[in-house]
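Scroll down for the structure; my scribbles are underneath it.
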Amino acid sequence: MGNSQSPPAANHRFTSASRAFTPKELEDLKSLFTSLAAQSQSNGQYISSSVFQAYFGLKGPLGGRMFDLATQGRKDDKLTFEDLVITKGTYEKGTKDEIEEFIYQLLDVTNDENLTRSDLDSVLVSMFDHIFHLKGSELESSSHCYMVNTFLNAATFSKDHEGYNDKSMSFEDFKSWCTLVPSVKKFLASLLVPPDPGGAISQEELEEWKLLYHSALNGLSFNTFLGNVSNHDEPTVLIIKDREGYIFGGYASQPWERHSNFYGDMKSFLFQLYPKASIFRPTGANNNLQWCAVNFGSETIPNGIGFGGRINHFGLFLSAGFDQGHTFSCTTFNSPCVSKTSQIYPEVIECWGVVRKGMEKEKPDVAKGSVLERFKEERHMLNMVGIANASG
């Protein structure tokens, strides 16, 4: 089956890649190839580009580039069984460096060995189209452009390329970018996973959001905040927009309850939405994950809510007055100061309940004037950078 005239190098790669699969996995791959080759009307010899892209849900430049890499750049519109095994063996079973190198090449949709901002733009547009189409969402063009530009602005282009005025993205630039927007790497590393009829990025989407507290509606009141969130047992997302215009917050996997010490679990994390989209997950350096102190009279137990760091030097902290707080770099999440300065003065404070899909029949309560109502792209951004997968 496949191309019996493969050159020795390709045969060696096929033999090597085959070793990465169990006999059952190879059998399943052969069954998949046979099915797609039949749809390609190739007498079982190859899979055409159109059938390949349709099966894996790939479109546009990204789909074309994936097929080009899978067929070793032959431009013959014929993906053989050997091609399929080699591609999945490298792309899914390879070493971390091999997988990252494959994704790096995948981003070069123009195949000119010069990964530019334009290439990334095309990939991100395809990515968001794919994700929100599968989720049944309709993105406004302004929201779409905002997300694409936010992810692009997190990228660095430091590599000089002869014959080009603009610098391109080096492999090191790419790896650094992936640490800032890990959802991109996650998405691009899963393109050849067999389609899941109900899936988009994760098996368990958390896409229903319910506004529990908003400072403009409820006032800057710690007690009101606690009263509003006390009956919500699901995870919550705290979002702060400060006077500097920075937007940041934390994902609390445990309920907000009175404690005299840190609590929580390793599903909590900090994030920044503006001016950059970044997520900071627990490192395991300590268990100082979530903080909620109420009506304590000791300076060693500061009243308020927070994430990470240590007492009086939190990764993110809001005082009980809800009128000020602070943010410092911390080892809990390996996070930097998430605002312009360590001292923060909130302009808007929101707390959203993240509800597992199907658990509530009512639609999400999105209040007029909220940060996530006025900037609904941030809500999609939060799902993209990892909140959708935090409780999986």
Side-chain angles (χ1 to χ4, degrees), residues 209-232 234-264 268-274 280 288-328 330 332-333 335 337-354 365-375 378-379 382:
W209 295 57
K210 183 176 182 180
L211 184 63
L212 303 176
Y213 168 85
H214 191 289
S215 55
L217 301 175
N218 307 116
L220 288 169
S221 169
F222 187 34
N223 288 333
T224 302
F225 168 86
L226 291 173
N228 287 7
V229 304
S230 62
N231 293 322
H232 185 82
E234 292 294 308
T236 53
V237 180
L238 181 72
I239 299 176
I240 301 166
K241 181 180 180 183
D242 67 10
R243 295 178 190 174
E244 300 290 344
Y246 281 59
I247 301 175
F248 48 87
Y251 175 92
S253 56
Q254 299 295 314
W256 291 105
E257 299 172 339
R258 186 177 188 265
H259 289 264
S260 60
N261 208 334
F262 283 99
Y263 67 107
S268 296
F269 57 81
L270 288 179
F271 61 84
Q272 184 186 65
L273 288 178
Y274 185 84
F280 309 101
N288 300 349
L289 297 156
Q290 193 172 334
W291 178 273
C292 182
V294 187
N295 296 328
F296 286 99
S298 169
E299 290 185 2
T300 61
I301 309 177
N303 293 315
I305 56 175
F307 297 87
R310 61 182 188 274
I311 292 174
N312 294 323
H313 201 279
F314 292 83
L316 175 60
F317 179 77
L318 273 180
S319 70
F322 265 32
D323 57 344
Q324 61 181 308
H326 65 248
T327 169
F328 293 98
C330 75
T332 309
F333 302 104
S335 56
C337 166
V338 294
S339 187
K340 188 174 182 179
T341 65
S342 60
Q343 190 71 20
I344 58 175
Y345 297 97
E347 185 176 275
V348 177
I349 303 173
E350 299 177 4
C351 186
W352 294 79
V354 184
D365 178 14
V366 182
K368 292 292 182 183
S370 69
V371 170
L372 293 189
E373 190 274 330
R374 287 182 290 111
F375 301 102
E378 262 97 352
R379 186 165 160 189
L382 281 169

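Since the model is a prediction, treat every value here as computed from it, not as a measurement.
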Item to check | With Ser221 via side chain to side chain contact (heavy atoms under 4.5 Å, CB included) - residues at least two apart | outcome: Asn223, Thr224
Checklist entry - Of all heavy-atom pairs between Thr236 and Cys351, which one has the smallest distance, and what is that distance? => result CB-SG, 3.8 Å
Checklist entry - Looking at CG of Asn312 and CD of Glu299, how far apart are the two atoms once the value is rounded to the nearest 0.5 Å? => result 8.0 Å
Next on the checklist: I want to check something: taking the side chain as every heavy atom from C-beta on, are Phe296 and Asn303 in contact at a cut-off of under 4.5 Å?
Outcome noted: yes
Next on the checklist: What's the separation between atom OG in Ser268 and atom CZ in Phe333, rounded to the nearest 0.5 Å?
Outcome noted: 6.0 Å
Checklist entry - Is there a side-chain contact between Phe269 and Phe280, using heavy atoms and a 4.5 Å cut-off? => result no
Checklist outcome for this item: CD1 (Ile239) and NE2 (His214) are apart, to the nearest 0.5 Å, by 9.5 Å
Checklist entry - Which residues pass the side-chain hydrogen bond (donor to acceptor under 3.5 Å, both in side chains) test with Gln290, sequence neighbours left out? => result Tyr263
Next on the checklist: Once side chain to side chain contact (heavy atoms under 4.5 Å, CB included) is applied, do any residues pair with Ser342, and if so which ones, sequence neighbours excluded?
Outcome noted: Phe328
Checklist outcome for this item: Heavy atoms of Gly264 and Gln254 approach each other most closely as CA-CG, 3.7 Å
Checklist entry - So, does Thr327 use its side chain to make a donor-acceptor pair with the main chain of Val338 at under 3.5 Å? => result yes
Checklist entry - Given side chains that start at C-beta, do those of Ile349 and Tyr213 come closer than 4.5 Å, heavy atoms only? => result yes
Item to check | Heavy-atom pair with the smallest gap, counting every atom of Phe271 and Gly250 | outcome: CE2-N, 3.5 Å
Checklist entry - So which heavy atom on Leu212 is nearest to which on Asn218, and how close? => result O-OD1, 4.5 Å
Next on the checklist: As an exercise, state the distance from CG of Asp242 to CD1 of Ile240, rounded to the nearest 0.5 Å.
Outcome noted: 8.0 Å
Item to check | Residues that Glu347 engages under side chain to side chain contact (heavy atoms under 4.5 Å, CB included), provided they are two or more places apart | outcome: Lys241
Item to check | Side chain proximity check, Ile301 to Asn261, heavy atoms < 4.5 angstrom | outcome: no
Checklist outcome for this item: NE2 of His326 to OG of Ser339, rounded to nearest 0.5 Å, is 12.5 Å
Item to check | Lys/Arg cation over aromatic Phe262: Arg310, 6.0 Å, 45° cone | outcome: no
Item to check | Rounded distance (nearest 0.5 Å) linking atom CG of Leu270 with atom CG of Leu289 | outcome: 9.5 Å
Next on the checklist: Tell me if a side-chain donor or acceptor on Trp291 pairs with a main-chain N or O of Pro302 at a distance below 3.5 Å.
Outcome noted: yes
Checklist entry - Do you know which two heavy atoms are closest between Ile305 and Cys292, and how far apart they sit? => result CG2-SG, 4.0 Å
Show me, pair by pair, the donor-acceptor contacts under 3.5 angstrom made by side chains of residues 313-324, not counting sequence neighbours?
unit_1	atom_1	unit_2	atom_2	d
Ser319	OG	Gln324	O	3.1
Gln324	OE1	Gln343	NE2	3.1

Item to check | Residues in side-chain hydrogen bond (donor to acceptor under 3.5 Å, both in side chains) contact with Thr332, at least two apart in sequence or another chain | outcome: Asn286
Checklist entry - Is the shortest heavy-atom distance from the side chain of Tyr246 to the side chain of Ile344 under 4.5 Å? => result no
